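All residue numbers refer to positions in the sequence shown, counting from 1. Note that the structure is predicted; figures quoted are calculated from it, not measured.
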Amino acid sequence: MQNYSETQYKTAQAKENFNVSKEATPPVFAQGNVIKMPISPVISTLIIKKDGTKEEYNVQKVVNAVKKSAARMMITFTENEIKTICNLVNSKVISLNKDEIQILDMHNIVESVLEEVNPNVALSYRNYRNYKQDFVAMLDKVYQESQKIMYIGDKENSNSDSALVSTKRSLVFNQLNKELYKKFFLTVEDLQAIREGYIYIHDMSARRDTMNCCLFDVASVLKGGFEMGNLWYNEPKTLDVAFDVIGDIVMAAASQQYGGFTVPEVDKILAPYAEKTYKKEFERYISLGLSFEQAGIEAVKDVQTNFEQGFQGWEYKFNTVASSRGDYPFITVTTGLGKGKYEKMATMTMLKIRMNGQGKKECKKPVLFPKIVFLYDEELHGKGGELHSLFEAGIECSKKAMYPDWLSLTGEGYVASMYKKYKKVVSPMGCRAFLSPWYERGGMKPADENDEPVFVGRFNIGAVSLHLPMIYAKAKKESKDFYQVLDYYLELIRKIHVRTYDYLGELRASINPLAFCEGGFYGGHLNFHDKIKPALKSATASFGITALNELQELHNGKSIAQDGQFALEVMEYINKKINEFKEQDGYLYAIYGTPAESLCGLQIEQFRKKYGIVEHVSDRGYVSNSFHCHVSENITPIQKQDLEKRFWNLLNGGKIQYVKYPISYNTKAIETLVERAMDFGFYEGVNLSLAYCDDCGHQELAMDVCPKCGSKNLTKIERMNGYLSYSRVKGDTRLNEAKMEEIKDRVSM
């Protein structure tokens, strides 16, 4: 006699009592939306779930699953079809004659039955299975990255201190958001391109939620009062309150976006509140019995004190209070054009505060935020100009703190042309991004000769960068025309931007009330629940450019310092294509010289994986950012300015020029080079390697050990690309290995 286990016995008994053929199906009763099976043979098989737990086989779960799969295909099964599916599944389960069945095997049974009944539903069922498997893989990847973040840290963004709990949380969420973006927003073509490295989509962790860099209209928000956090703020009546409120506005609004947050012409914003403080204090001193002259003197002193305390307060707040994103927001202020008494006082005081630094009395050092950009007008700031003293103060500040950076408004090129024609300033957003003109009545083009461009209050919706050496190598390997392959990736980026405009346009003004409801953005007086699509029409979208130097090397073995002609031709071609896209799509596409912070190392890894190590292309741990000469080029600052000038007007959506000053704190040399850059129409950065001993306070350029006390406890500040960052703090760096290797090789940058 054959021996059976209890389960096998019950199964054998069921076979005898139940005819499992299609012809002899038991009746099925529909109750509501659930198909109820009558008492069926006892199938005592256990199903082993993915987590290892076990549960009894229940054909009703099969019914529920197949109905959902059918619904996804807009199909409704009849009662007879449900009966057929149940009987076929039962039959296959019984035929296995097993005590236990893995859930994956169960899925295969259901899928095979659906193929017989309705192949379209089988496809839906299979896709949903894959969908769930993809989610498991995605969450596993997020988990792996989260473990690295929690125990090792992250150096992708030097503005993020990944030692902090709040930053770790934000970084973990960013990993999840990045994977969701790839899963639900990108096409297969997009994914292939980014995985292989031909394009790079910046800030994937934030692009589904909000916008990129902006020129925030703080003055518009302040005027007449505004609502923030469900509370009404009256317009400030004094300068000290204005500083506090502007600080709150900046931190709140910057947290709702990513990228750089610029407050343009901050001296002009603050001046009216300084005037209010002066009048208030003057009247107070008069009431105390002071003479008009003495009251005026004391009131001015009070305004000066307010400026000093206000700018110092900003430096504390913007460098120590992380945003809700987990990083220190990239805040920039532009200044220098105001000719009024309090505007000049604002600029001069801000430079003085930055130059003197923050910290213990004996260990003061400059902070990183806000980045200061000096708006240079030759007529105002040149020798003999009304504001030449501000220029001199700016040079002194640059030689000690590297900031301010310098933006020419009266030299050559796009930014200067807007200022000279319209007296409108195109302030940089963050470190280097610039807006294309948008005219009040005509939009992308002026309606007539009286139409004027608007810049303040506008923003960018994101950047996607080309990896030009990879694209060139692909064309050569596949024996294709380089420009044909380049066109493919330009079109790919174009489609991503179009989808981004469409997607973001469906978001509500509530995502950033200060921007979209209180006037921080152009057109930003929407109702809380309005879609933001109307405010997107003036936004730019960027096509980023990296590694032009390596492209030239790959083409003919020469750097852009030695040649550069092919790199120029490529940039001219890209400009022509982007202008065509703008005309056809009606969107403000811009060409952006990508700074490549962590990307500088990633692109090398991608190139090596696909095309190996090529001398002067992928034999170092980093690529050159944007259109710059290689950092190791043994050229003078003047030669570097001349060489990079060729590319200046071909990247109007984002650019900065800088040179390394191997000249200690030489005021005259810095002044001469800045003036030369201003004649060229550059946005110029002074690049020194600042080092400070945190034990004794000694400071000098590029030291690794303090010569005064022997300490290695140093703070070192380097120019990351268009902005400053710590290359050493408390014995560690916030920069990635590739960027540190680049800093080590710097000769001309």
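Remark: aromatic rings of Tyr472 and Phe566 are close, center separation under 6.0 Å. Here Phe369 and Phe330 bring their ring centres to under 6.0 angstrom of each other. If you look at His467 and Tyr489, their ring centroids are not closer than 6.0 Å. Separation of the Tyr483 and Tyr573 ring centroids falls under the 6.0 Å cut-off.
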Take Glu597 and Lys739 through the salt bridge (Lys or Arg N to Asp or Glu O under 4.0 Å) test and state the conclusion after the steps. CA-CA 7 Å; Glu597 182 177 338; Lys739 185 54 65 175; over 6 Å; no

Does His628 form a ring-ring contact (aromatic ring centres under 6.0 Å, His included) with Tyr658? I'd like the steps, not just the answer. CA-CA 9 Å; His628 299 302; Tyr658 36 69; 4.8 Å; yes

Does Asn625 form a side-chain hydrogen bond (donor to acceptor under 3.5 Å, both in side chains) with Thr546? I'd like the steps, not just the answer. CA-CA 5 Å; Asn625 81 73; Thr546 62; over 6 Å; no

Determine, step by step, whether Glu553 and Asn549 satisfy the side-chain hydrogen bond (donor to acceptor under 3.5 Å, both in side chains) criterion, reporting the C-alpha distance in whole Å, the side-chain angles of both residues, the deciding distance to 0.1 Å, and the verdict. CA-CA 6 Å; Glu553 289 276 10; Asn549 179 74; 4.6 Å; no

I'd like to know whether Met444 forms a side-chain contact (heavy atoms from CB on, under 4.5 Å) with Leu588, so could you lay out the CA-CA distance, the side-chain angles of the two residues, the decisive distance to 0.1 Å, and finally the verdict. CA-CA 7 Å; Met444 289 177 64; Leu588 280 177; 3.8 Å; yes

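Closest of all the heavy-atom pairs between Leu468 and Phe482 is O-CE1, 4.3 Å. The two residues Gly653 and Tyr592 make their nearest non-hydrogen contact at O-CD1, 3.7 Å.
Taking 4.5 Å as the limit, some side-chain heavy atom of Tyr622 sits within range of a side-chain heavy atom of Val631. Two residues are said to be in side-chain contact when any heavy atoms from C-beta on lie closer than 4.5 Å; Arg207 and Thr500 meet this criterion. Looking at heavy atoms from C-beta onward, Leu599 lies in side-chain contact with His202 at the 4.5 angstrom threshold.
Using a 4.0 Å cut-off between charged side-chain N and carboxylate O, Asp190 and Arg499 make a salt bridge. Electrostatic pairing of Glu452 and Lys424 counts as a salt bridge here, judged by a charged N lying under 4.0 Å from a carboxylate O. Between Glu196 and Lys609 there is no salt bridge, since no side-chain nitrogen of the basic residue lies less than 4.0 Å from a carboxylate oxygen of the acidic one. Between Lys495 and Glu491 there is no salt bridge, since none of the side-chain N atoms of the basic residue sits less than 4.0 Å from a carboxylate O of the acidic one.
Within a 6.0 Å sphere centred on NZ of Lys558, other residues, nucleotides and ligands contribute 12 heavy atoms or fewer. Atom CZ of Arg441 sits in a crowded spot, with more than 12 heavy atoms from other residues, nucleotides or ligands closer than 6.0 Å.
Listed by chain and number, the residues in a salt bridge (charged side-chain N to carboxylate O under 4.0 Å, His left out) with Lys576 are Glu580 (sequence neighbours excluded). Legend: residues meeting ring-ring contact (aromatic ring centres under 6.0 Å, His included) with Phe516, ordered by chain and number and at least two apart, are Phe521. Here Glu605 pairs with Leu602 under the side chain to side chain contact (heavy atoms under 4.5 Å, CB included) rule; sequence neighbours left out. When the side chain to side chain contact (heavy atoms under 4.5 Å, CB included) test is applied to Ser510, the partners found at least two apart in sequence or on another chain are Arg508, Phe528. When the side chain to side chain contact (heavy atoms under 4.5 Å, CB included) test is applied to Gln641, the partners found at least two apart in sequence or on another chain are Gln657, Val659, Leu673, Arg676, Ala677, Phe680, Phe682, Glu684.
A side-chain hydrogen bond (donor to acceptor under 3.5 Å, both in side chains) with Glu550 holds for exactly one of Ser559, Ser618, Ser624; it is Ser624.
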Output a table of donor-acceptor pairs, distance under 3.5 Å, between side-chain atoms of residues 431-439 and any protein atom two or more places apart or on a different chain; print 'none' if there are none.
| from | atom 1 | to | atom 2 | distance (Å) |
| --- | --- | --- | --- | --- |
| Arg432 | NH1 | Gly593 | O | 2.7 |

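With Tyr198 as the aromatic partner, Lys474 meets the cation-pi criteria of under 6.0 angstrom to the ring centre and within 45 degrees of the ring axis. Both the sub-6.0 Å distance and the 45° axial angle are not jointly satisfied by Arg208 relative to the ring of Phe185.
Judged purely by atom type and a 3.5 angstrom limit, Asp585 has no side-chain atom pairing as donor or acceptor with the backbone of Tyr587.
Using modelled atom types and a 3.5 Å distance limit, the side chains of Thr540 and Asn460 yield a donor-acceptor pair. Between the side chains of Arg646 and Gln565, no donor N or O sits under 3.5 Å from an acceptor N or O.
The structure places CG of Asn120 at 5.0 Å from CE of Met73, a figure rounded to the nearest 0.5 Å.
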